[in-house]
Amino acid sequence: MPQGKPEYVPDDGMTTRQRRNRPLVIVHTGPGKGKSTAAFGLALRAWNQGWPIGVFQFVKSAKWRIGEERALRVLGDSGEGGPVAWNKMGEGWSWIQRPGTEDDHEADAREGWEQIKRDLAAETYRLYVLDEFTYPMKWGWIDVDDVVATLRARPGSQHVVVTGRGADPRLLEIADLVTEMGKVKHPMDQGQKGQKGIEW
C-alpha cells in the first residue's frame, strides 16, 4: 500500500470518508510475542483521539500488574485524552466471588463476555481491547458463533481488538484486519524468563 493508498477500491456505494471511518474488528494472533503489546499501542492512539477505551483481560491474573495497565490508567485519569476502563477476570467483574476452579474461571469469562455485549449494545466505548480472548473461545467457555454474531451486529463506530493465539477461523473470517505474530527467536528458547520492562 504505497503512501497509505489502497490498491483496490470496492464498488460498494460508500464514500471514501465512510469507508475510512468504518469500525473495524482487529485480531492479533499467532505464536509470536507482541499481540497484546500491539493492541495496547492502538489503545494509546485511541486515548490520544479522546476515545473511551474498554480493556478486558481474560487470562492474565488479576494480581499481575502489567506496565501498560498502569500507564493507560494514569492516562485515562489525566483528563487529557479519552477515559480508560480496565477490567480483569476476577477483578474487573469481581462481583462474582469464587475460589478459582476451572468451572469458576469459565463462569467469570462468560460474565466478562456478557458485560462486553452490554457495553457494545450501549456503545460504551469507542475501542475495546479483548486481551487473550481467543482462549476462552478455544476452551469452549464462550460460544464463537455468539461472538461473531455480536461483533457483526454491533452498533455505531466501535472498534474491537481481539488478542491471543489460535484465533478461530470464524473470527478471522469476519475480521477486517488480522495480524499473525510469528516467532523467529525468543529469549525463552535459551531458558530466560520474562523480565521487567520487556514482558511487563
In the structure I gave you, are the side-chain heavy atoms of [X] and [Y] within less than 4.5 Å of one another anywhere?
X      : Y      : result
Val55  : Glu68  : no
Gln158 : Glu123 : yes
Trp51  : Arg45  : no
Val84  : Leu75  : no
Leu171 : Leu151 : yes
Met137 : Val147 : yes

side-chain contact (heavy atoms from CB on, under 4.5 Å) assessment of Gln49 paired with Leu127: CA-CA 11 Å; Gln49 296 299 326; Leu127 176 71; over 6 Å; no

Side chains of Arg165 and Thr134, donor plus acceptor under 3.5 Å: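 Short answer, no.
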
Any side-chain donor near an acceptor of the partner, Trp47 and Glu80, under 3.5 Å: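 Per modelled atom types, Trp47 and Glu80 side chains form no pair under 3.5 Å.
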
Closest heavy-atom contact between [X] and [Y]?
X      : Y      : result
Leu172 : Ala167 : CD2-CB, 3.7 Å
Gly50  : Pro83  : O-CD, 4.5 Å
Gly164 : Glu132 : CA-OE1, 4.1 Å
Ala109 : Ile142 : O-CD1, 3.6 Å
Thr163 : Ala39  : CG2-CB, 3.7 Å

Cluster overlap Met181 with Phe133, hydrophobic side-chain contacts below 4.5 Å: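 Result: no, two separate clusters.
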
Path from Ile174 to Ile116 over hydrophobic side-chain contacts below 4.5 Å: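 Yes, Ile174 connects to Ile116 through the hydrophobic network.
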
Single hit among Thr37, Leu42, Val129 for side-chain contact (heavy atoms from CB on, under 4.5 Å) with His28: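 Answer to the side-chain contact (heavy atoms from CB on, under 4.5 Å) test with His28 among Thr37, Leu42, Val129: Leu42.
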
Test side-chain contact (heavy atoms from CB on, under 4.5 Å) applied to Val160 and Leu120, Ile26, Thr150, the passing residue: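 It is Leu120; the other options fail the test.
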
Could you tell me whether a side-chain N or O of [X] sits under 3.5 Å from a main-chain N or O of [Y], the two making a donor and an acceptor?
X      : Y      : result
Tyr125 : Ala85  : no
Asp189 : Lys185 : no
Ser157 : Pro23  : no
Asp131 : Phe56  : no

Step-by-step side-chain contact (heavy atoms from CB on, under 4.5 Å) determination, Trp86 to Gln57: CA-CA 8 Å; Trp86 198 287; Gln57 285 189 291; 2.8 Å; yes

Residue pairs passing the side chain to side chain donor-acceptor pair (under 3.5 Å) test where at least one lies in residues 168-179, sequence neighbours excluded: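 Listed once each, the pairs are Arg22-Asp176, Asp145-Arg170, Asp168-Arg170.
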
Arg110: partners by side-chain hydrogen bond (donor to acceptor under 3.5 Å, both in side chains), with sequence neighbours left out: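 Once residues adjacent in sequence are excluded, the partners of Arg110 under the side-chain hydrogen bond (donor to acceptor under 3.5 Å, both in side chains) criterion are Glu106.
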
Rounded to the nearest 0.5 Å, how far does [atom2] of [Y] lie from [atom1] of [X]?
X      : Y      : atom1 : atom2 : result
Arg154 : Lys117 : CZ    : NZ    : 15.0 Å
His105 : Tyr135 : NE2   : OH    : 15.5 Å
Ile53  : Thr124 : CD1   : OG1   : 13.5 Å

CA sep, side-chain torsions, deciding dist, call: Lys33, Lys183, side-chain contact (heavy atoms from CB on, under 4.5 Å): CA-CA 7 Å; Lys33 175 177 163 45; Lys183 186 189 83 153; over 6 Å; no

